[in-house]
Amino acid sequence: MATALERGWQYLTDNFTEFQLASFGSFIIHEGVFFLSGLPYLFMEMWGMKKYKIQSKMNAPEAQTKCIVRLLVYHTCVNLPLMVLSYPVFTWMGMSCKLPLPSWKVVAFQIASFLILEDFIFYWGHRILHTKWLYKHIHSVHHEYATPFGLTSEYAHPAEILFLGFATFFGPIITGPHLFTTWLWMIIRVLETVEAHCGYDFPWSLSKIFPLYGGRKQKYMQRFLLSKSWVSKADFHDYHHRLLYTKSGNYASTFTYMDWIFGTDKGYRKLKSLKQGTEVSEEFLVRNMLDETQEDKTS
């Protein structure tokens with residue numbers, strides 16, 4: 001007997017072509033998940049919700065509007081054509097949308113593999129974007145928002161969208177998974193990056209539960225998780241946006257171990273170490289760290 005999921009999938013394949021599902025269907029799902037998950041954080045900022053806010057600063061209404069307008073343009077003029085043009089590549093690599101759906105074991109293994117591959121490629125691509133020329137001409141667009149909110153996660157130069165988008169789709173391109181798996185991976189990736197840019201450090205954040213992703217309190221994980229306190233992905237990445245120069249660190253997209261291995265989280269760990277046991281705000285400490293960095297550059 002077919003499950004509700006299989007019946008729903010059968011309806012899609014009976015009424016739409018594989019091309020329509022893989023291109024326009026993917027675009028609709030991406031837009032729906034992105035804006036439905038990102039807009040609440042924008043509303044929180046607009047309403048002045050300060051509880052759990054990582055930075056006290058709020059973005060001006062003009063900056064919020066600019067972000068939304070640019071996103072609509074970039075998504076329509078870059079993301080949609082990219083999804084349409086990439087269809088032949090996915091079909092050539094073996095992507096299918098026919099029943100039966102893949103087993104959950106296969107889906108789980110592929111998603112886990114995509115997470116690891118994407119994180120590795122994204123780390124190095126992101127780190128390259130923080131070299132002087134690329135940061136100035138491309139990546140600085142994304143860093144226009146030193147106080148990020150959910151929707152700023154995809155606010156970037158078109159060249160960066162293509163460059164780092166490769167990290168997201170590399171896994172599916174080389175494995176040719178079922179379209180259902182690709183959609184699920186895209187949903188997870190969108191939710192993940194929106195949370196990383198949300199600007200709020202919620203105590204219930206899922207990123208605080210999983211080792212190497214955000215944090216846990218156990219002392220044996222302290223080496224990887226940066227401090228004895230709970231660490232969220234939003235807090236980890238928010239630090240990256242607060243430092244507007246080429247070596248801000250915390251480059252990874254999903255996990256924290258790449259930054260730990262290559263020492264690009266040292267500034268963040270130093271901040272957390274200075275913060276422990278004091279009433280001084282992190283923003284004050286970050287300003288001091290920036291001043292020290294500028295002094296080191298000029299000396």
Side-chain angles (χ1 to χ4, degrees), residues 54-55 115-148 152-153 156-157 159-160 163-168 170 189 192-193 195-199 201 205 207-208 210-216 221-276 282-283 285-297 299:
I54 299 171
Q55 299 184 51
L115 282 167
I116 295 170
L117 279 171
E118 190 277 338
D119 188 65
F120 180 84
I121 297 171
F122 186 98
Y123 174 85
W124 289 109
H126 191 188
R127 193 167 172 179
I128 289 170
L129 284 173
H130 274 265
T131 54
K132 190 174 181 179
W133 191 91
L134 289 174
Y135 182 87
K136 179 181 179 180
H137 296 281
I138 295 176
H139 194 50
S140 59
V141 174
H142 181 65
H143 277 270
E144 286 177 16
Y145 292 87
T147 306
T152 61
S153 58
H157 191 287
E160 179 175 343
F163 186 54
L164 292 183
F166 172 76
T168 299
F170 180 75
R189 185 70 190 98
E192 179 189 35
T193 190
E195 187 209 359
H197 291 82
C198 73
D201 186 11
S205 172
S207 67
K208 293 186 174 185
F210 301 106
L212 308 183
Y213 176 56
R216 299 177 88 174
M221 292 301 295
Q222 184 179 345
R223 175 179 293 179
F224 288 109
L225 302 176
L226 313 177
S227 73
K228 294 180 181 178
S229 60
W230 296 95
V231 176
S232 71
K233 190 64 182 178
D235 185 70
F236 187 81
H237 192 70
D238 197 272
Y239 169 85
H240 176 82
H241 275 264
R242 278 182 275 179
L243 274 66
L244 300 178
Y245 59 94
T246 56
K247 293 181 173 60
S248 55
N250 290 17
Y251 299 119
S253 65
T254 303
F255 305 108
T256 59
Y257 66 86
M258 288 288 288
D259 284 289
W260 176 79
I261 290 172
F262 295 101
T264 47
D265 63 352
K266 288 181 180 178
Y268 180 69
R269 284 191 279 126
K270 180 181 178 181
L271 173 65
K272 291 302 174 184
S273 178
L274 291 171
K275 174 63 179 173
Q276 285 181 3
E282 286 195 2
E283 288 165 288
L285 293 172
V286 168
R287 283 197 297 271
N288 284 351
M289 291 170 66
L290 282 170
D291 290 340
E292 291 176 6
T293 302
Q294 295 300 326
E295 289 175 5
D296 291 341
K297 286 182 177 181
S299 60

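Throughout, residue positions are numbered sequentially from 1 according to the sequence presented. Here the structure is a predicted model, which is why all the values come from computation and not from measurement.
You'll find the side chain of D265 stays beyond 4.5 Å of the side chain of Y239, heavy atoms only. Two residues are said to be in side-chain contact when any heavy atoms from C-beta on lie closer than 4.5 Å; Y123 and T264 meet this criterion. Looking only at side-chain heavy atoms (C-beta outward), D238 and D201 stay at 4.5 Å or farther from each other.
Take H157 and apply the ring-ring contact (aromatic ring centres under 6.0 Å, His included) test, not counting sequence neighbours, and it matches no residue. By the ring-ring contact (aromatic ring centres under 6.0 Å, His included) test, F166 is found to be paired with F170, residues two or more places apart in sequence or in another chain being considered.
A perpendicular orientation is assigned to the rings of H197 and H241, their planes being inclined by more than 60° (bins at 30° and 60°). Ring orientation note: the planes of Y268 and F236 are nearly perpendicular, at an angle over 60° on the 30°/60° scale.
The distance from atom OG1 of T168 to atom CG of L117, rounded to the nearest 0.5 Å, is 11.5 Å. Distance NE2/H139 to NE2/H130: 3.0 Å, rounded to 0.5 Å. The line from OG of S253 to CD of E192 is 5.5 Å long, rounded to the nearest 0.5 Å. Once rounded to the nearest 0.5 Å, the distance linking NE2 of H137 with CG of L129 reads 13.0 Å. Interatomic distance, I138 CD1 to I128 CD1, rounded to the nearest 0.5 Å: 11.5 Å. Remark: F163 CZ to I121 CD1 distance equals 10.5 Å, nearest 0.5 Å.
Closest of all the heavy-atom pairs between A196 and K233 is CB-CG, 3.9 Å. Considering every non-hydrogen atom in both I54 and R242, the closest pair reads CG2-NH2, 3.9 Å. Considering all non-hydrogen atoms of both residues, Y251 and H126 come closest at O-ND1, 2.8 Å.
Between H240 and H142, the ring centre distance reaches or exceeds 6.0 Å.
Checking side-chain atoms of D119 against main-chain N and O of T254 turns up a donor-acceptor pair under 3.5 Å. One N or O on the side chain of Q55 and one on the backbone of A146 form a donor-acceptor pair closer than 3.5 Å.
Applying the salt bridge (Lys or Arg N to Asp or Glu O under 4.0 Å) test to residues at least two apart or on different chains, none of the pairs has a partner in residues 252-263.
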